[in-house]
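Ligands are counted one by one from 1 in listed order, and the atoms in each one are counted from 1 as well. Reckoned from all heavy atoms, side chains included, excluding hydrogens, waters and symmetry mates.
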Amino acid sequence: MRQWDEGAIESMHEVMNVGIHEVMNEGMHEAMSEGMNEGMLRTMEMPSDDLGKIHGSTCADAQPSINAISLRSAEARVEVSAKSEPKEQSLPRIAVFASGSGSNFQAIVDAAACGQRLKADIALLVCDKPQARVIERAKQAGVQTAIFEPKKYTSREDYEQDVLRLLHKQRIDWVVLAGYMRLVTPVLLRAYEGRMVNIHPSLLPAFPGMHAVRQALDYGVKVTGVTVHLVDEGMDTGPILAQQVVAILPNDTEDTLSARIQQAEHELYPQVVQNLLSAELLATS
Ligand code: GRF
């Protein structure tokens, strides 16, 4: 894409309709030109001193190069940043979906950085909030990012069809929801049945939904925790894979308790994902 002239970029904008924000990678461009909808906003290059660096990584050996391009169109934008050097072909490819701060995304990226704790390629971040902090984290880590604007679509299913096209194009094997603030429809669920997981800050089935930590405090329970579960159509209702207890201390506030819960999440989530991947490898070998 970097070599494209203005005319080529304009005609690409005509092909794309609504929902992605910025894109920074050639594979992504192909996905777009094969029917992605409204939304790539602009192209841009990563700063040259970002090339070859991985930021915030806990692995000293990780040296992927970063290549980033994005496009501008009138309606919406999609953003994708990319590691241009392919990783080991055999690693399962994970897409993380996130809407917010992305501390769990970071924990997963860090666990995968050396290929030790998590043997996977964190191949894509899907984000539905253009201002989310997780986007910056992905940029720093050199993880491709697709930013969607779901409200630009006529339905949730329509939005997910676009996401699904991208997941297929990027050969994504597993979907890991990490603070993704949307219910998933059968469009994605069917495609990733048994391969889509979520993390929730309570001991489900207690306190599902958005305010789990506050509700645990308000209710007066003495312990709460973290649940990792397979995703279904409900809100935090899928089959439970793992749980970790976090004690509630007498002086806990929502902030202090959330901090300890997140600490537990960052340990548990990469571990559970790795366990799932290992089982998958055994099952298919
Ligand atoms: C986490 O507490 C997770 O359990 C919930 O959303 C929060 C996301 O936090 N589903 P972060 O964006 O990973 O920091």
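- Here's the thing with Ile199: one of its N/O atoms is less than 3.5 angstrom from an N/O atom of ligand 1.
- Under 3.5 Å, the side chains of Gln274 and Ser278 contain a donor-acceptor pair of N or O atoms.
- Note on Phe105: it clusters hydrophobically with Trp174, by side-chain heavy-atom contacts below 4.5 Å among ILVMFWY residues.
- At least one N/O-N/O distance between Ser101 and ligand 1 falls below 3.5 Å.
- The shortest N/O to N/O separation between Gly102 and ligand 1 falls below 3.5 Å.
- Each of the atoms 1 (C), 2 (O), 3 (C), 4 (O) of ligand 1 lies under 4.0 Å from some heavy atom of Glu265.
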With salt bridge (charged side-chain N to carboxylate O under 4.0 Å, His left out) as the test, would you mind laying out the steps for Asp252 and Arg260 before giving the verdict?
-> CA-CA 10 Å; Asp252 260 337; Arg260 288 205 312 289; 2.6 Å; yes
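- Shortest contact from atom 9 (O) of ligand 1 to any protein heavy atom: Gln262 NE2, 3.1 Å.
- By the criterion of a heavy-atom distance under 4.0 Å, the backbone of His200, and not its side chain, is placed next to ligand 1.
- Heavy-atom separations between Pro201 and ligand 1 include at least one value shorter than 4.0 Å.
- Looking at atom 14 (O) of ligand 1, its nearest protein heavy atom turns out to be Ser103 OG, 2.5 Å.
- Within a 6.0 Å sphere centred on CD of Glu136, heavy atoms belonging to other residues, nucleotides or ligands number more than 12.
- Side chains of Gln271 and Asn275: no donor on one and acceptor on the other come within 3.5 Å.
- The environment of Glu267 atom CD is sparse: at most 12 non-hydrogen atoms of other residues, nucleotides or ligands sit within 6.0 angstrom.
- The nearest heavy-atom contact from the protein to atom 8 (C) of ligand 1 is Gly179 CA, 3.6 Å.
- Counting only N and O atoms by type, the side chains of Asp128 and Tyr180 include no donor and acceptor under 3.5 Å apart.
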